[in-house]
Amino acid sequence: MGFKGFVEGGIASIVAGASTHPLDLIKVRMQLHGEPTLTPPINPNPSLLFRPAMPGNISAVHSIHLMDPPPRVGPVSIGVNIVRSEGVAALFSGVSATILRQTLYSATRMGLYEVLKQKWTDPQTGNFTLPKKIAAGLVAGGVGAAVGNPADVAMVRMQADGRLPISERRNYKSVVDAISQMSKSEGVASLWRGSALTVNRAMIVTASQLASYDEIKETILKKGLMNDGIGTHVAASFAAGFLAAVASNPVDVIKTRVMNMRVESGAGPPYSGALDCAVKTVRAEGVMALYKGFIPTISRQGPFTVVLFVTLEQIRKVLKDF
């Protein structure tokens, strides 16, 4: 297997990532919905104007904006709003970062999982137990995430840019431009912002996705429910995608917010870390805020996982003699 597993996994991941990118973008926008931006809305209503109690420059008038909680939104309304305000092409904002991310992150995790699968399979019985599958997924996901984190940060920012006021947009031209600007203005370390969250999420996703796909596929074939064909691959991959979405969504919400936060010169960051972000999010928006974007997450994770494994199985057939 060796290098071949990385190539097969990389090709399948790029196809799956690019084809489901609009759903991922909608998921990111939903996860950020309700998070305050630096610039208050124009003409907020209602507002309270007051003058300072201390004598002095009485011309200085301050404004407190009494903001209502953000209205609940769904993936369809988010998608329609993106198309109306930014154009159809905006649904593919950050797709270059997605392709780079899949090339680095997914190729690594898919290839490493296959390497561990070969090493940890019992040579006598050919049995690769579920605990070993989960362990292989945890290791492969963690390593892959560490490698692909710069592309992940760039992807989140490029996808989120359109929701910001024009004056606050970063306007990255491509993933290379995003990584270059971040390195210059925020330091190289910013490319690994939220890396602990990325690694944790990737470990959860990979363990639940790859391990469950193998386990469900094997169970279907052992029980003779279906033959080893596209039907089996679709059923096993969709179930794996659902499990991965349920397990990873809370971590994904926090990861998205930490990666997207803007750190102004001379000011402290909005969040001091993942735990601080989680606490502030739950306090301000409730526990279910951790499952913001779940519908587009499963809507994207399902098709992504189906395309990923169906494509992977076909690529394996094509490259089986190499």
Side-chain angles (χ1 to χ4, degrees), residues 10 13-14 17-18 21-22 24-29 31-33 35-41 82 85-87 89-109 141-202 251-278 280-281:
S13 298
I14 290 171
H21 183 80
D24 194 47
L25 183 142
I26 291 171
K27 176 205 72 176
V28 167
R29 295 289 181 90
Q31 289 174 340
L32 292 172
H33 181 71
E35 184 184 41
T37 56
L38 292 176
T39 302
I82 291 171
S85 60
E86 303 170 51
L91 291 173
F92 285 90
S93 296
V95 71
S96 61
T98 292
I99 292 173
L100 178 61
R101 176 177 180 268
Q102 298 300 338
T103 302
L104 297 175
Y105 158 63
S106 288
T108 301
R109 74 182 183 114
V143 174
V147 171
N149 201 81
D152 207 0
V153 177
M155 181 186 71
V156 167
R157 291 191 173 196
M158 292 174 76
Q159 288 176 332
D161 213 34
R163 69 179 282 275
L164 297 173
I166 294 176
S167 61
E168 292 181 20
R169 291 183 186 177
R170 300 175 175 105
N171 296 316
Y172 298 136
K173 297 174 183 176
S174 66
V175 63
V176 175
D177 181 49
I179 291 175
S180 175
Q181 284 195 41
M182 287 166 59
S183 299
K184 291 177 182 177
S185 61
E186 302 174 51
V188 176
S190 67
L191 298 177
W192 273 270
R193 179 174 293 156
S195 58
L197 286 165
T198 304
V199 169
N200 289 336
R201 176 190 178 275
V251 179
D252 200 27
V253 170
I254 303 305
K255 175 183 78 75
T256 296
R257 294 191 172 196
V258 170
M259 285 184 169
N260 188 59
M261 70 177 176
R262 182 187 293 270
V263 181
E264 293 295 309
S265 178
Y271 309 118
S272 61
L275 182 60
D276 182 52
C277 179
K280 287 180 177 176
T281 298

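As a basis for the values below, the full set of heavy atoms in this structure was taken, side chains included, without hydrogen atoms, waters or symmetry mates.
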So, for Arg170 and Gln181, which heavy atoms are closest and what is the spacing to 0.1 Å?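 Minimum heavy-atom contact is O-OE1, 4.2 Å.
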
Between Gly141 and Tyr105, what is the shortest heavy-atom contact and its length? O-CE1, 4.1 Å

Quick check for you: to the nearest 0.5 Å, what is the distance between Thr98 atom OG1 and Leu25 atom CG?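 Those atoms lie 8.5 Å apart.
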
Working to the nearest 0.5 angstrom, can you tell me the gap between Ile14 CD1 and Thr103 OG1?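 These two atoms lie 3.5 Å from each other.
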
Residues two or more places apart in sequence or in another chain: which of them pass side-chain contact (heavy atoms from CB on, under 4.5 Å) with Thr198?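 Ala145, Asn149, Asp152, Lys255, Met259.
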
By side-chain contact (heavy atoms from CB on, under 4.5 Å), which residues pair with Ala274, not counting sequence neighbours? Leu197, Ile254

Would you indicate whether the side-chain heavy atoms of [Y] and [X] approach each other to under 4.5 Å?
X	Y	answer
Leu100	Ile179	yes
Met155	Val175	no
Ser190	Val153	no
Ser96	Met158	yes

Salt bridge (Lys or Arg N to Asp or Glu O under 4.0 Å) partners of residues 182-191, not counting sequence neighbours, each pair once: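 Passing the test, one end in residues 182-191: Arg157-Glu186, Glu186-Arg193.
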
Between Arg169 and Glu86, is the salt bridge (Lys or Arg N to Asp or Glu O under 4.0 Å) condition met? List the steps. CA-CA 13 Å; Arg169 291 183 186 177; Glu86 303 170 51; 5.5 Å; no

Are the side chain of [X] and the backbone of [Y] linked by a donor-acceptor contact shorter than 3.5 Å?
X	Y	answer
Thr108	Leu104	yes
Ser180	Asp177	no
His21	Ile99	no

Working for side-chain contact (heavy atoms from CB on, under 4.5 Å), residues Leu191 and Met182: CA-CA 7 Å; Leu191 298 177; Met182 287 166 59; 3.7 Å; yes

